Amino acid sequence: MRMYTSEITPEMDGKVVKLFGWVHEVRDHGGLIFLVLRDREGFAQITLPKKVVSKEVFNTARSLKRESVVAVEGKVKAEPKAPNGFEIIPDIITLLNEAEAPLPLEVTEKVPAELDTRLDYRFMDLRRPKVQAIFRIRHQVMQSVREFLSKEGFIEVNTPKIVSTATEGGTELFPISYFEKEAFLNQSPQLYKQVLMGAGFEKVFEIGPIFRAEEHNTTRHLNEAISIDIEMSFTDHEGVMGVLERLIAKICEDINQKCSKYLDLLGIKLEIPELPLPRITYEEALKMAKSKGEEIPWGEDLSLQALKAIGEEINGYYFIVDWPTDAKPFYVMPHENRPEISKSFDLMHSWLELASGAQRIHRYDVLVNRIKAKGLQPESFGFYLDAFRYGMPPHAGWGLGAERLLMSLLDLKNIREAVLFPRDRQRLVP
RNA sequence: GCCCGGGUGGUGUAGUCCGGCCCAACAUGUGGGCCUGUCGAGCCCACGCCCCGGGUUCAAAUCCCGGCCCGGGCGCCA
């Protein structure tokens, strides 16, 4: 029966096991060969003393090329000199598929490769345990999101990614052809999740792709990203901020608990944030930035420099709340006593924006006026606006960028590292 | 889109400032050889590279122009 390398222990001395995997390295000492087999769980040393193993097996091992796929059947031997305290003395080595040489990059990490080269040969790059660790953790993040939100009473939904109009203006969309009509790839599930509040679901979440046709060229933007979105009825911005901060804490706990092996591999120490997370207002943020020499006029978005200045002051996760109404999309709810600021928030990690959300306007006439005030056409929001005419509850929600969350958790320098096959301004393949 | 810095064996770098000592160096790799305890194995031999297109010059990896691509920063954006 097949076993993973991680399942073998020195106590299994004498037991016959079968391993499948890749030839990570072959160290040929003449009369003794060490073959390092790698599978998705780790490594195992296959040891071939010339006088012990068959001539055939010995010669096979000697001729193996790195990264070839093999099956190894042999006896476990407890051996203090071997990594992890055991080695396998093989009876059979089957070459399942030979790899070509030379390799497009080093899986062994002896020689570094640039991110661009790594992405060109991503399948090979992903074989590196450290790279795989990122995606094991990403998997756990998604698991935790689903588990946590489900427990909180949210149901998972899927909304269309091919849409007829822009969601909220602002960003550029990718046009596509939809039979005889023009259509776009959706930039956000915003309008649909709000409509689902009108449908009476009360609590929904979606994990899905969003597409932005912005020609940005940075280490923190993608043209295709995964957004974790929630929308919740009969609550306000404070209510959904609570959900968000509890989710972040839960993710950190789960990762610490279930992915310690991968965190160690990446050299990451994850601190579980204390709740509630700090909240600063937009106006306080302006002051903090100004005290560090970054002056931003009221009403404008915070520049990266300003955010970096603030990030130096506040460690870890925090909220910036009460953004100028005009700096946010048309659907955000203004404060009753000060309509120039809104019931909106961004979740930050140091200088990086991870999520943004708000209480939404739920009154039809107010919403139509806001759309007009933003210079948009109410007619192009027909299906959306209809939902507000026949009993739309008060509601709030947020969208959280999955890749940015990964960046903040794992201290990744480039957002592309958090995606298997990233899409950016230049990259459409692989 | 803008500004800066880059593009040299499969991979990662040195060399470019100040053209010739560069038929290009180092590491890793690949092929072969030696070697029974490696774990970045070691030692010996060999193989393999100047992004594309123009220009200047007796002479270009090196200088100039254009293009494409990459990195960092900015902008846009989340």
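Please read these numbers as outputs of a predicted model, since none were measured by experiment. Letters A, B, ... are given to chains in the order of the sequence lines, protein chains preceding strands, and every chain is numbered from 1.
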**Q** Can you tell me, in whole Å, how much space there is between the P of C39(B) and that of G48(B)?
**A** 30 Å
**Q** When you compare G12(B) with C50(B), how far apart are their P atoms, in angstrom units rounded to a whole number?
**A** 16 Å
**Q** Using a 4.0 Å heavy-atom cut-off across all strands, classify A82(A) as base, sugar-phosphate, or nothing.
**A** base
**Q** Within the structure shown, what part of the strands sits under 4.0 Å from D301(A) by heavy-atom distance: base, sugar-phosphate, or nothing?
**A** nothing
**Q** Donor-acceptor pair under 3.5 Å: do we get one between E106(A)'s side chain and the base of G10(B)?
**A** yes
**Q** What interatomic distance, in whole Å, is found between C1' of C49(B) and the corresponding atom of G40(B)?
**A** 24 Å
**Q** Nearest whole angstrom, please: distance from the P of G73(B) to the CG of L304(A).
**A** 8 Å
**Q** Could you state the CG-P distance from N186(A) to C77(B), rounded to the nearest angstrom?
**A** 18 Å
**Q** Looking at E7(A) and R2(A), does any basic side-chain N land under 4.0 Å from a carboxylate oxygen?
**A** no
**Q** Measure the distance from CZ on R66(A) to P on U28(B) and round it to the nearest whole Å.
**A** 12 Å
**Q** Rounded to whole angstrom, note down the C1' distance from U13(B) over to A24(B).
**A** 14 Å
**Q** Please check the phosphate of C76(B) (OP1 and OP2 only) for any side-chain N or O of R425(A) closer than 4.0 Å.
**A** no
**Q** Look at the side chain of E215(A) and decide which nucleotide, out of G37(B), G1(B), G12(B), has an atom nearest to it.
**A** G1(B)
**Q** Checking T60(A) against E56(A): is there a side-chain donor and acceptor pair closer than 3.5 Å?
**A** no
**Q** Taking only the side-chain heavy atoms of H29(A) (C-beta and beyond), determine which of U36(B), G75(B), G12(B) contains the nearest atom.
**A** U36(B)
**Q** K110(A) side chain N/O closer than 4.0 Å to the phosphate oxygens (OP1, OP2) of G29(B)?
**A** yes
**Q** Over all strands shown, is E109(A) touching base, sugar-phosphate only, or nothing at heavy-atom distances under 4.0 angstrom?
**A** nothing
**Q** Looking at the base of G1(B), is there any donor atom on it, or on the side chain of E214(A), that sits under 3.5 Å from an acceptor on the other one?
**A** no
**Q** Counting only heavy atoms from other residues, nucleotides and ligands, does the tally under 6.0 Å from NZ of K18(A) exceed 12?
**A** no
**Q** Taking OP1 and OP2 of U38(B), is either one under 4.0 Å from a side-chain nitrogen or oxygen of R27(A)?
**A** no
**Q** Just to be sure I follow the notation: if a pair is Watson-Crick (purine N1 to pyrimidine N3 plus N6-O4 or O6-N4) or a G-U wobble (N1-O2 and O6-N3), each under 3.5 Å, what dot-bracket string does RNA chain B give, with | for pairs to another strand?
**A** (((((((..((((......[....))))((((((.......))))))...(((((..]....))))))))))))....
**Q** If the C1' atom of G15(B) is compared with that of C76(B), how far apart are they to the nearest Å?
**A** 39 Å
**Q** Using the C1' atom in both, what is the distance from A61(B) to C52(B), to the nearest Å?
**A** 15 Å
**Q** A60(B) and U56(B): how far apart are their P atoms, nearest whole angstrom?
**A** 12 Å
**Q** Give T117(A) one of three labels, base, sugar-phosphate or nothing, depending on what nucleic acid heavy atoms sit under 4.0 Å from its own.
**A** sugar-phosphate
**Q** Can you tell which of G75(B), G40(B), G31(B) lies closest to the side chain of E25(A)?
**A** G40(B)
**Q** Is it true that E152(A) and K203(A) have a side-chain N and a carboxylate O under 4.0 angstrom from each other?
**A** no
**Q** Select from N414(A) and G30(A) the residue whose nearest nucleotide in RNA chain B is closer to the 5' end of that strand.
**A** G30(A)
**Q** Any side-chain N or O of Q45(A) below 4.0 angstrom from OP1/OP2 of C39(B)?
**A** no
**Q** Will you find, in the side chains of E206(A) and T159(A), an N or O donor that is under 3.5 Å from an N or O acceptor?
**A** yes
**Q** Please report the distance, rounded to the nearest Å, between CG in L105(A) and P in U30(B).
**A** 13 Å
**Q** So which one's nearest nucleotide on RNA chain B is more toward 5', P104(A) or E224(A)?
**A** P104(A)
**Q** Enumerate the ring-ring contact (aromatic ring centres under 6.0 Å, His included) contacts for residues 117-148 of chain A, please, sequence neighbours excluded, ordered by first and then second residue.
**A** none
**Q** Can S303(A) and Q305(A) be counted as having a side-chain donor-acceptor contact under 3.5 angstrom?
**A** no
**Q** If you measure from the C1' atom in C26(B) to the same atom in A14(B), how many Å do you get, rounded?
**A** 7 Å
**Q** With a 4.0 Å cut-off on heavy atoms, is E87(A) in touch with a base, just the backbone sugar-phosphate, or nothing at all?
**A** base
**Q** Using whole Å, report how far CD of E114(A) lies from P of G10(B).
**A** 15 Å
**Q** Does E79(A) reach a base, just sugar-phosphate, or nothing at all? Heavy atoms under 4.0 Å.
**A** base
**Q** Quick one: label L222(A) by what it contacts on the DNA or RNA (base, sugar-phosphate, nothing), any heavy atom closer than 4.0 Å.
**A** base
**Q** Ignoring the backbone of S303(A), work out which of G37(B), G75(B), G12(B) is nearest its side chain.
**A** G75(B)
**Q** If the condition is ring-ring contact (aromatic ring centres under 6.0 Å, His included), which residues does W323(A) pass it with, not counting sequence neighbours?
**A** Y282(A)
**Q** Expressed as a whole number of angstroms, how long is the span from L103(A):CG to G12(B):C1'?
**A** 15 Å
**Q** Whether the D322(A) and T281(A) side chains hold a donor-acceptor pair (N or O, under 3.5 Å, no angle test) is what I'd like checked.
**A** no
**Q** If you check the R220(A) side chain, which of U36(B), C74(B), U30(B) turns out closest?
**A** C74(B)
**Q** Have a look at H221(A) and tell me which of N217(A), T219(A), T218(A) forms a side chain to side chain donor-acceptor pair (under 3.5 Å) with it.
**A** T218(A)
**Q** Please pick, from G37(B), A27(B), G29(B), the nucleotide with the shortest atom-to-atom distance to any side-chain atom of P102(A).
**A** G29(B)
**Q** Mind checking K50(A) for me? I need base, sugar-phosphate or nothing, with any heavy atom below 4.0 Å counting as a touch.
**A** nothing
**Q** In whole angstroms, how far is the P atom of C70(B) from the CZ atom of R416(A)?
**A** 9 Å
**Q** Is T108(A) touching bases, backbone alone, or none of the nucleic acid, heavy atoms closer than 4.0 Å?
**A** nothing
**Q** Using whole Å, report how far CG of D116(A) lies from P of G12(B).
**A** 9 Å
**Q** Just by distance, with hydrogens left out, do E245(A) and Y317(A) show a side-chain donor and acceptor under 3.5 Å apart?
**A** no
**Q** Under 4.0 Å, heavy atoms only, any strand: does N217(A) hit a base, just the sugar-phosphate, or nothing?
**A** base
